[in-house]
Amino acid sequence: MSLYDNPQLDPRALKATSVKAEDPATPSDEPPSLKITSASADPKMFTLPWEQPLSTWPKDILVNLPRGISRHIVRFVRVGDEVYAMKEITRAVAEREYELLRQLQKLNLPTVQPIAVVTGRHDEHGDPLEAILVTKHLRFSLPYRALFARTLRPDTAERLIDALAVLMVRLHLAGFYWGDVSLSNVLFLKDADAFSAFLVDAETGDLQVELTQGQREYDIDLARTNIIGELMDLSSGELLPPGVDEIEVGNRLVDRYHSLWSALTDTDKFNPNEMWKIEKRVNRLNELGFDVDELEVTTTEDGKRVLVRPRVVDAGYANRKLLRLTGLDVQENQARRLLNDLDAYRASTWRDGEDLEIVATDWMREVFEPTVRMIPPEYRSQIEPAQFFHEVLDHRWFMAEKAGHDVPMADAVQSYVNDILPKQMMDAKTVDDLNAEADSGVIDDESTYDDASSQPHDDHEDDDYNPEFDQDAAVWSH
């Protein structure tokens with residue numbers, strides 16, 4: 001059933017896009033000429049070599065960033081000041097994934113940002129090429145294999161699993177059935193001492209009003225199976241730290257998911273004189289990074305028990321507070337760490353009675369900005385400023401512990417830049433090796449184009465999408 005046929009869905013999702021993916025089983029002609037359907041009008045998109053298979057695009061427009069393993073050809077391309085991920089897939093799949101990603105974005109869920117669907121591609125001989133889904137590159141993010149190619153803590157696998165569990169819970173709460181959960185379909189951002197996970201592949205997904213327990217359990221079981229296999233693959237390539245039990249890590253996902261789902265959805269029972277426990281429940285959810293928008297409070301028939309359940313929860317409690325105070329839009333754990341440093345600054349400057357907004361402005365000018373300006377230019381594309389600040393704070397603490405006294409922030413930054421940061425960055429050879437490995441798993445290579453060229457096509461356009469009824473899309477054709 002189409003999303004547009006289900007009025008019970010969140011109105012934000014229903015209004016996200018009017019692109020309607022056609023049934024892949026129903027034959028449909030390709031548009032006779034190039035068609036770019038996009039949520040943002042960027043004429044530079046037309047300058048790209050759409051008439052060439054993606055695997056043959058010239059290197060001078062490509063960006064050498066690590067790619068994850070994919071069944072399809074994926075390339076990073078610079079368009080003006082932006083970097084986009086291009087994925088070459090069939091038209092029906094491209095339109096469906098674009099549609100789903102748009103809806104998930106409108107629900108404020110952690111996914112890559114969809115930019116465009118490009119259809120009606122033909123090579124220089126007039127033979128059809130596959131469509132391309134365009135998404136915005138998530139800055140500072142990495143696929144899981146790239147993370148293990150760097151110098152990381154031994155518990156990296158467990159921290160990735162924790163991030164994936166949070167992502168799955170958020171998606172399931174919104175009614176999104178994934179259908180293909182794996183580490184390969186996720187991008188990870190370092191988030192202080194943890195990670196944040198973002199959905200990058202929604203080909204098999206489906207957005208519903210509410211998932212059944214069976215649907216959720218299927219996603220969980222599939223995730224466990226895929227993760228164990230992916231970690232075993234890392235182990236065979238000697239990328240997994242020694243001592244990591246792949247099966248135990250896979251089981252951890254199941255445990256972490258159920259624990260978080262319970263914390264967010266269970267109904268608590270209190271005596272009428274224990275109402276203070278409601279505040280405790282809300283504080284616990286805040287600590288988990290979720291903001292409680294509304295609580296459902298009822299009493300039992302005999303009036304002896306109070307039932308409390310969060311009706312609406314949303315992630316980003318610390319993020320929104322920091323954004324309001326400083327304008328910094330960072331990951332949840334990073335926000336929590338920065339807020340803690342802001343509190344320490346406020347106490348050390350004897351300004352506890354002053355408005356926090358004013359103190360935050362001074363903290364930005366005197367502490368945060370001078371620190372992140374010291375990131376060397378060659379590393380600024382690989383580490384997020386908030387993450388750099390967090391890691392410098394950690395390094396400063398270790399330096400102070402070793403020295404037995406406080407260490408000036410500038411000294412800590414210089415020491416971190418000289419001794420620690422270079423070990424965490426990837427060189428060009430490492431990226432090339434990772435991308436060569438990623439390309440080895442592609443199944444839709446040039447043979448796909450031969451198959452596509454044998455399909456009949458007319459000189460007329462046959463789809464249900466009408467841009468005149470989509471106020472949020474720009475469409476170009478020629």
Side-chain angles (χ1 to χ4, degrees), residues 1-21 39 96-114 135-136 138 162-182 185-189 191 195-223 253-254 256-267 285-286 288-296 309-320 331-332 472:
M1 179 172 61
S2 170
L3 288 170
Y4 304 96
D5 299 326
N6 194 339
Q8 294 179 323
L9 281 173
D10 190 312
R12 293 174 297 174
L14 289 173
K15 297 178 181 179
T17 177
S18 56
V19 171
K20 296 183 180 181
R96 172 172 170 74
E97 189 166 5
Y98 177 81
E99 174 187 21
L100 277 171
L101 288 173
R102 288 277 291 163
Q103 287 149 354
L104 295 176
Q105 284 266 305
K106 291 295 184 180
L107 296 176
N108 298 318
L109 293 168
T111 73
V112 292
Q113 179 183 346
T135 57
K136 187 175 180 179
L138 184 61
D162 291 347
L164 180 56
V166 172
L167 175 61
M168 288 183 65
V169 166
R170 292 191 63 187
L171 292 173
H172 284 175
L173 283 171
F176 180 75
Y177 169 72
W178 199 332
D180 189 19
V181 189
S182 70
N185 290 335
V186 177
L187 287 173
F188 294 95
L189 277 174
D191 183 10
F195 287 93
S196 293
F198 290 76
L199 173 72
V200 71
D201 193 326
E203 289 180 26
T204 58
D206 187 33
L207 189 59
Q208 304 174 16
V209 176
E210 185 177 359
L211 298 186
T212 65
Q213 182 175 349
Q215 288 173 315
R216 294 193 297 107
E217 291 298 332
Y218 181 84
D219 257 359
I220 297 168
D221 185 63
L222 181 62
L253 173 74
V254 179
R256 291 289 291 166
Y257 175 94
H258 285 134
S259 175
L260 184 56
W261 183 268
S262 176
L264 295 174
T265 63
D266 281 357
T267 298
L285 293 174
N286 291 162
L288 291 171
F290 289 83
D291 207 2
V292 179
D293 189 49
E294 187 174 314
L295 288 174
E296 182 179 358
R309 179 180 182 181
R311 289 190 62 184
V312 180
V313 292
D314 194 13
Y317 175 77
N319 165 274
R320 282 189 288 274
Q331 303 304 307
E332 182 68 10
D472 203 16

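For the single chain, residues carry numbers from 1 onward in sequence order. Only this structure's heavy atoms are used, side chains among them; waters, hydrogens and symmetry mates stay out.
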Spatial distance of atom [atom1] ([X]) from atom [atom2] ([Y]) [nearest 0.5 Å]:
X      : Y      : atom1 : atom2 : value
Leu171 : Leu164 : CG    : CG    : 9.5 Å
His172 : Leu264 : NE2   : CG    : 13.5 Å
Leu167 : Phe188 : CG    : CZ    : 8.0 Å
Glu332 : Arg320 : CD    : CZ    : 7.5 Å

Which atom of [X] lies closest to which atom of [Y], heavy atoms considered:
X      : Y      : result
Gly179 : Leu222 : O-CD2, 3.3 Å
Gln215 : Glu210 : OE1-O, 4.3 Å
Leu109 : Ala174 : CD1-CB, 3.6 Å
Arg170 : Asn108 : NH2-O, 3.0 Å
Tyr98  : Pro114 : CD1-CB, 3.8 Å
Gly205 : Leu100 : O-CD1, 3.4 Å

Decide yes or no for [X] and [Y]: does some side-chain heavy atom of the first lie under 4.5 Å from some side-chain heavy atom of the second?
X      : Y      : answer
Leu173 : Trp261 : yes
Arg96  : Asp206 : yes
His258 : Glu217 : yes
Tyr257 : Val169 : yes
Leu260 : Met168 : no
Asp180 : Glu203 : no

Backbone N/O of [Y] and side chain of [X]: donor-acceptor pair under 3.5 Å:
X      : Y      : result
Gln105 : Thr111 : yes
Asn185 : Val200 : no
Thr204 : Trp178 : yes
Glu97  : Ala202 : yes

Problem set entry | Check against side-chain contact (heavy atoms from CB on, under 4.5 Å), Leu107 and Phe176 | CA-CA 11 Å; Leu107 296 176; Phe176 180 75; over 6 Å; no
Exercise. Salt bridge (Lys or Arg N to Asp or Glu O under 4.0 Å) with Asp162: which residues, sequence neighbours excluded?
Worked result: Arg252, Arg256
Problem set entry | Residues forming a salt bridge (Lys or Arg N to Asp or Glu O under 4.0 Å) with Asp221, sequence neighbours excluded | none
Exercise. Does OH belonging to Tyr218 count more than 12 external heavy atoms closer than 6.0 Å?
Worked result: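 Open: at most 12 neighbouring heavy atoms sit under 6.0 Å from OH of Tyr218.
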